S.K.: 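Starting off with a structure, shown below.
Everything numeric in this text was worked out from a predicted model, so none of it was measured.
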Amino acid sequence: VDGIADIELNYRVANQPNGEFEASIDDLNLQFKDVLVRTFAGEPDTSDADSSRDVLKVPSVALSGAAMRWPQKTVSADGFAINNALISLMRDETGALNVVQQQTAAPQPVADAEQVSDVDQGADWGLSMDRLTVTGTSIHLEDQSVVPTAHMGVESLSIDVTDISNQPG
């Protein structure tokens, strides 16, 4: 992963007289420039040593005018924009998406279902965004699980969604 990040925000953390914790973030602006995500290269002692490839190229990703309130559990943003991204996926012969190096992971402990259900999750978070914009994005898929290899994709995808919220109404 390579790129440049720039962030600015104002925050406030306080302990209220009633002992309740309060936190807020305002004017959060986050921008990533020239983001490049590559797959892992093959093993150094094999012919796959130079097999890494670009998976995601994004010249600009920006979150603007974001805010968060606790204990109100609200998050809002003026906008989120992705410009001129290139997403390049490859499906290998087995049908698996080749995005990251395949590793055999140790089994993860499973939480006791009874313990998890006893935890009070509280009220849901309120999420809202004035505008989500995706412009000039291309998505390419190379599917090696079929013969001949299939190449498909979308060029210059643009999406503009406004007034996004998870609240009723």
S.K.: Side chains of residues 1-15: which donor-acceptor pairs under 3.5 Å do they make with residues two or more places apart or in other chains?
M.R.:
{"residue": "Glu8", "atom": "OE2", "partner": "Asn29", "partner atom": "ND2", "Å": "2.9"}
{"residue": "Asn10", "atom": "ND2", "partner": "Asp27", "partner atom": "OD2", "Å": "2.9"}
{"residue": "Arg12", "atom": "NH1", "partner": "Glu22", "partner atom": "OE1", "Å": "2.5"}

S.K.: In Å, rounded to the nearest 0.5 Å, how long is the span from CG of Asp92 to CG of Asp143?
M.R.: 9.5 Å

S.K.: So if I apply the side chain to side chain contact (heavy atoms under 4.5 Å, CB included) rule between Asp130 and each of Asp78, Val161, Ile164, which one comes out positive?
M.R.: Asp78

S.K.: Working note: Gln31 + Val61, criterion side chain to side chain contact (heavy atoms under 4.5 Å, CB included); need CA distance, chi angles, decisive distance, verdict.
M.R.: CA-CA 6 Å; Gln31 184 172 27; Val61 176; over 6 Å; no

S.K.: Would you say Asn166's side chain and Leu127's backbone share a donor-acceptor pair under 3.5 angstrom?
M.R.: yes

S.K.: Which pair of non-hydrogen atoms, one from Asp54 and one from Lys57, has the smallest distance, and what is that distance?
M.R.: OD2-CE, 2.7 Å

S.K.: I'd like to know if the side chain of Arg69 reaches the main chain of Lys73, judged simply by a donor and an acceptor atom lying under 3.5 Å from each other, with no hydrogens or angles considered.
M.R.: no

S.K.: Are Leu132 and Leu63 connected in a single hydrophobic cluster, I mean Ile/Leu/Val/Met/Phe/Trp/Tyr linked by side-chain heavy atoms less than 4.5 Å apart?
M.R.: yes

S.K.: With side chain to side chain contact (heavy atoms under 4.5 Å, CB included) as the test, pick out the partner of Leu141 among Met90, His151, Met152.
M.R.: Met152

S.K.: Same cluster or not: Leu56 versus Phe32, using hydrophobic residues (I, L, V, M, F, W, Y) connected whenever any side-chain heavy atoms lie under 4.5 Å apart?
M.R.: yes

S.K.: Taking the side chain as every heavy atom from C-beta outward, state whether His140 and Leu86 have any atom pair closer than 4.5 Å.
M.R.: yes

S.K.: Go through the steps for Glu155 and Ser138 under the test side chain to side chain donor-acceptor pair (under 3.5 Å), then give the verdict.
M.R.: CA-CA 4 Å; Glu155 296 287 331; Ser138 297; 3.2 Å; yes

S.K.: Would Leu157 and Ile139 count as a side chain to side chain contact (heavy atoms under 4.5 Å, CB included) here? Give the steps.
M.R.: CA-CA 8 Å; Leu157 174 68; Ile139 303 168; 4.3 Å; yes

S.K.: How far apart are the closest heavy atoms of Arg131 and Thr162, and which atoms are they?
M.R.: NH2-CG2, 3.2 Å

S.K.: Is any side-chain heavy atom of Val55 closer than 4.5 Å to one of Ser88?
M.R.: no

S.K.: Between Trp70 and Glu20, is any pair of side-chain heavy atoms under 4.5 Å apart?
M.R.: no

S.K.: Quick one: OG1 on Thr137 to CG on Asn84, what's the gap to the nearest 0.5 Å?
M.R.: 7.0 Å

S.K.: What distance separates Thr149 OG1 from Glu93 CD, expressed to the nearest 0.5 Å?
M.R.: 8.0 Å

S.K.: Check whether any side-chain heavy atom of Pro59 lies under 4.5 Å from a side-chain heavy atom of Lys33, and answer yes or no.
M.R.: no

S.K.: Return the OG1 to CD1 distance between Thr135 and Ile159, rounded to the nearest 0.5 Å.
M.R.: 10.5 Å

S.K.: Using 0.5 Å steps for rounding, measure from the OG atom of Ser76 to the CE atom of Met129.
M.R.: 9.5 Å

S.K.: So how far is it from Thr74 OG1 to Asp124 CG, rounded to the nearest 0.5 Å?
M.R.: 13.0 Å

